[in-house]
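Below: one structure, written as structure tokens.
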Amino acid sequence: MSLNYAYHSAIAGIGATPFTKDSGRTPMDQAVEACLAACEDAGLPPEKVNGMVTYSAEQNPEIEVARNLGIDELTHFSMVHHGGGAACGVVAVACQAIYSGAADYVLCYRAFNERSWHRFGAGVQDRPAGAEASAVSFSWSSPFGLVTPASWVAMFATRYMHEYGATTEDFGRVSVVDRDFAATNPYAHFFQRPITLEDHQNSRWIVEPLRLLDCCQETDGAQALLVTTAERAKDLKQKPAVIASAAQGVAEDQHMMRSYYRDSITGIPEMGLCARQLYQSSGLSADDIQTAIIYDHFTPLVLPQLEEFGFCDWGEAKDFIRDGHLGRDGRLPINTNGGQLGEAYIHGLNGIAEGVRQIRGTSVNQIDNVENVLATAGTAVPTSALILSQPR
Amino acid sequence: MSDEMTDEQKEAFVAKLRREVGTTGTPTTARDPVNQPMIRHWCDAMEDANPLYTDPGEASQGPHGEVVAPPAMLNAWTMIGLVPRVNDPKDPASGVYAMLDEAGYVGVVATNSEHVYNRYLKLGDHLTGTVKLVDVSEEKQTALGIGHFVTTETEYLDQNGEHVGSMFFRILKFRPGTGRTANSGDDTSNERPPRPRPSRNQDTDFFWQGSRVGELRIQKCLNCGYLQHPPGTRCPACGSTDMGYVVASGKGTLYSYVVSHHPRVPSFDYPLNIGLVELEEGVRLVTNITDCDADQLKVGMPLQAWHMQTHEDVSIPVFRPARAPRNPSTLTFDEVSVGDELPLCPIPLTPTLIVSTAIASRDYQDVHHDRDMALKKGSEDIFMNILTSSGLSARYISDWVGPDAVFKNLKIRLGAPNYPYDCMTMSGSVTAKRESDGEDIVEVSFRGQNSRGPHVTGTVELALARK
């Protein structure tokens, strides 16, 4: 495979609602607002959009969003599976649709009242039910009380700590970085509320070894991205964030957040597969990345992502983090919007919007001389990643 | 009944109970000398395989030069047995017990036992015990009920008058149904919804059918032998669709774990130990680690499967710490350090264990073998007798330290009763090392915890060889 669409498309517009804990509105209303805002940001009339890609977890169907936006015809519409793992996947599929000529302007969106309506953190207590494979898969964990995303990730974290000597403080240092960036981002829920490592260590256990401050927020809100060719994007309002490459990955013996049966569970091989594809197709390497959006639903899995993408060796992410490389003056400042711990949890799509701002030079926490930004999607699930680059 | 007594009457009753405090009863000689059959019954019931107790060949090489009785049997030798059923009424302690029975304090539990061993007992030793009534407490409200603690001290002499050991002993005599927790409505377990029910289909039925009959079944390719979990429809190794299963031994180690605190699903107790267990056959599975505190979980710890019934027709495989193998050689004083932790040891509390150990320790109190009588006397079920708590504690220590260690004493205190169908997990650590009267002494603190809390806490002093 060669990802022929490398550098072909660009993100031309981004739009979001305010990120809240109780929107008082429907997710549909927010989805439409975010999509309109992305079109407006790009300077594109929404009726020109002829493609829509969203998550299979999305509960606002593209046909209804299209109807509300006044879009008459869609020539590409699809959904990407596995929750937050779809974040860069929706962009990858948009690239594929555009490269193939199936669509010209594609909206990617995600909207929910994930705090005030259905709380994601509550997990899957109601599953399994039914005899289909998707239900039966929960039988290997739910009867034992392993029912929340936090608990699924915690199982990886304990083993990672055991093998590599990482500590809960190393996880905490990721939270501190996120909250430091959030503190200077007015759009972030935790604007002006940084934390210390001590705050992290004092926060209550959720699922040992994860504390409250290792866990992302639950958010009401919506985020949309408008994708088109890099060429067409030049004629739109904003500087294009060229999609150097975008890739999806499923690896051997993959399970949904519970790939516990592989020889080793300290790495994230599906993310490694994304890394290989991105680097191969874009010609870039870790050295070319100035800042990154590293998916942070739960802090422990930030560490192996740094290893899978080659920012440090296996088991050495803890040292990389202890040396301060993820912070403002580090080698690889991450999650400059505050991440999903600090800004908002929109299933990773808000992070990609921050990547676009870093390319444009408009981030509230702008990093100097950004050429390429890496963004990753949900970990432990079948996943995806992308690299955004300056237009050539 | 004492709740109808005035304060003055109560005072008079306590004074009557205390009339003989400080006096000593008639010496009672054991019905039988120390003998191999009783020792063997004890060792069988306690699952104590220390060869010094039963194997003349091994024992002759040991520190005593011959077979000895397990030291924790000390007061088993002079137990009154099934017939006669009553103690000598002239015995001051027995007199107090009888007075309390008459006044309605018919419930009885032992709370403390402190043995001191001057020397180990050998086959043929014939013990005589003399009981001194040491104390009778004021009336106290306890978790079990309103009652009085009665404390005795017993001195044991052998057939030559040699002082071989002593026992400090305390029991609670209480009025059934007056406990702090009785009928408090505190128990919400009946309202607890069942755990999520495993959903199953033709591909996975074998697993749940297995757990229902106590088998941990792992899918096996009948063509190439490849094992996989969770099961699939086709062998990923050879492509065969000829799938069967193997019954796993249930032995495994903890590969990873989490301790869940939030959010709390009503079907479960929190904090909840969830483990990823690697079976000795090579595959892993998610499960619960039961009978173990969260802070006792360690990656790599040995585990053993058991099957927990969660619905009328569903059982699920879960794991508890595996019993460590008995140490056949004995640790030396130099090999032991303060802070050393003893391996965890689960003791499943089957009715057979509770009854057989009570009988093997010659404790015929009905509450230890007769459920109807146990309920009548304010207990939820039959429960383990204190001699067994001593015996199992001693076995736990001995299995870790090795057969040749010499117990100098064994002091235990009881808390939550050991009822059947629970599990008590022993843990312990080395708390002190010292030289005393020319002996190298190691002190170990231990605890046996069941699902209600600590059943037994205690300490033991062991004399160990230098090298």
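Here is how names work: the chains are called A, B, and so on, in the same order as the sequence lines, proteins then strands, and each is numbered from 1.
- Interface remark: B:Thr310 contributes no atoms to any contact with chain A (heavy atom separation under 4.5 Å).
- For a residue to count as touching a neighbouring chain, one of its non-hydrogen atoms must lie under 4.5 Å from one of that chain's; by this rule A:Glu163 touches chain B with the side chain only.
- Heavy-atom distances place both the backbone and the side chain of A:Ser142 under 4.5 Å from chain B.
- In this structure, no portion of A:Arg258 lies under 4.5 Å from any heavy atom of chain B.
- Only the backbone of B:Arg200 comes within contact range of chain A, with heavy atoms under 4.5 Å apart.
- Using modelled atom types, no side-chain atom of A:Arg159 and backbone atom of B:Ser256 make a donor-acceptor pair closer than 3.5 Å.
- Heavy atoms closer than 4.5 Å to chain B are found nowhere in A:Leu212, neither backbone nor side chain.
- Remark: the backbone N or O of B:Leu254 is not paired with any side-chain donor or acceptor of B:Glu278 at under 3.5 angstrom.
- Donor-acceptor pairing under 3.5 Å is lacking for the side chains of B:Arg234 and B:Thr241.
- Heavy atoms closer than 4.5 Å to chain A are found in the side chain of B:Phe268, but not in its backbone.
- Only the backbone of A:Arg262 comes within contact range of chain B, with at least one heavy atom under 4.5 Å from a heavy atom of that chain.
- With B:Cys292 as the partner, the side chain to side chain contact (heavy atoms under 4.5 Å, CB included) test is satisfied by one option alone out of B:Ser427, B:Cys423, B:Pro321, B:Pro346: B:Pro321.
- Cation-pi check for A:Arg110 over A:Tyr55 is met; the charged atom lies under 6.0 angstrom from the ring centroid and within 45 degrees of its normal.
- Between A:Asn113 atom CG and A:Glu218 atom CD the span is 12.0 Å, to the nearest 0.5 Å.
- Only the side chain of B:Val318 has a heavy atom closer than 4.5 Å to any heavy atom of chain A.
- Proximity to chain A (any heavy atom under 4.5 Å) is shown, for B:Tyr255, by both the backbone and the side chain.
- Distance check: B:Leu279 CG to B:Leu303 CG gives 10.0 Å after rounding to the nearest 0.5 Å.
- With a 4.5 angstrom heavy-atom cutoff, A:Val124 does not touch chain B via any of its atoms.
- Annotation: cation-pi geometry satisfied between B:Arg320 and B:Trp306 (NZ/CZ under 6.0 angstrom from ring centroid, within 45° of ring axis).
- Looking at B:Leu285, only its backbone comes within 4.5 Å of chain A, counting heavy atoms on both sides.
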